[in-house]
Amino acid sequence: MFIPVWVLILAAVVALGWVWWSLRAAAGRNPLPFPDRGSRIFAAASAEGKDAVVALLARHGVEERFRMDTPGVLRSILWDGTIINVSTPEVIAQLNGASAAIGLVSADPERSAREAAVFLHERGFSARVVVGVEPGVPVAFVLTDALAGSAINFRRHVLRMPKPNPAPKAR
């Protein structure tokens, strides 16, 4: 039985690619943007504090994957989906002092935020939707007294978000 060389090479490339992806996924470093389960966002007190926390987490195996900085927020996105950020006082003021958040994925962030606000109202909590905190970044926040010092945010899938910058190599 004759098998063309190009078929063997293609099969080897596919097999090696699958093995590479499997090893990365098993190590918590899925190179693909799927699945996008949202994020957990923690606030640092300063840019230096953010850098120190990101470096500390890297020492324990949770490394920075991307940076997505805007004029209002410096943001480090880690391989496990955790986000460490530092926001300007203006951004924090727009969010009534909420500096941490639970990030959820939604095809329509503003609609999902409004539905979440209704859900929380029905359970006796106050809830207010805030949009446009970072121009050009499709995120809608729900500010609620169901959380202390935190918010819920809804954002589009990572593929529909503005392109982040690769994280710098570890020092």
Side-chain angles (χ1 to χ4, degrees), residues 17-107 109-110 112-113 116 128-171:
W18 183 82
V19 167
W20 174 79
W21 180 83
S22 297
L23 292 172
R24 299 287 289 186
R29 294 174 190 236
N30 180 357
L32 302 175
F34 302 104
D36 184 353
R37 294 184 177 104
S39 54
R40 306 306 168 251
I41 304 157
F42 298 91
S46 65
E48 296 79 13
K50 178 184 78 68
D51 292 342
V53 169
V54 168
L56 176 67
L57 292 172
R59 288 181 67 180
H60 293 276
V62 184
E63 295 180 16
E64 184 178 45
R65 182 175 190 181
F66 299 115
R67 285 200 180 162
M68 189 179 153
D69 299 337
T70 63
V73 180
L74 301 178
R75 186 181 288 109
S76 290
I77 303 170
L78 308 180
W79 275 97
D80 69 348
T82 300
I83 297 174
I84 308 295
N85 68 23
V86 60
S87 303
T88 62
E90 293 80 18
V91 167
I92 293 173
Q94 288 183 59
L95 299 175
N96 287 357
S99 57
I102 299 169
L104 302 171
V105 178
S106 171
E110 191 170 344
S112 293
R128 180 170 67 93
V129 174
V130 178
V131 295
V133 173
E134 292 182 85
V137 180
V139 176
F141 291 88
V142 178
L143 306 178
T144 176
D145 58 355
L147 294 170
S150 299
I152 300 168
N153 77 36
F154 291 89
R155 64 165 173 81
R156 292 194 176 131
H157 188 279
V158 69
L159 293 179
R160 303 211 184 277
M161 293 292 288
K163 184 175 167 89
N165 298 316
K169 296 295 179 195
R171 296 173 213 129

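Between the side chain of R128 and the backbone N or O of L143, no donor-acceptor pair lies under 3.5 Å. When atom types are taken as modelled, the side chain of S46 and the backbone of G49 share a donor-acceptor pair closer than 3.5 angstrom. A donor-acceptor pair under 3.5 Å is absent between the side-chain atoms of R155 and the main chain of P138, judged by distance alone.
Considering CD1 of I152 and CD1 of I102, their distance stands at 5.5 Å, rounded to 0.5 Å. Annotation: the span from M68 atom CE to L74 atom CG amounts to 12.0 Å, rounded to 0.5 Å. In this structure, CZ in R65 is found 15.5 Å from CZ in R67, a value given to the nearest 0.5 Å. Here CZ of F42 is found 10.5 Å from CG of N85. Values are rounded to the nearest 0.5 Å. Distance check, rounded to the nearest 0.5 Å: CD of E134 to CG of D69 gives 10.0 Å. How far OG of S87 is from CZ of R75: 7.5 Å, rounded to the nearest 0.5 Å.
In terms of heavy-atom proximity, T88 sits nearest to P71 at CG2-O, 3.7 Å.
A heavy-atom distance below 4.5 Å is found between the side chains of L57 and I84.
Of the candidates L95, I41, V142, V133, I41 is the only one forming a side-chain contact (heavy atoms from CB on, under 4.5 Å) with N153.
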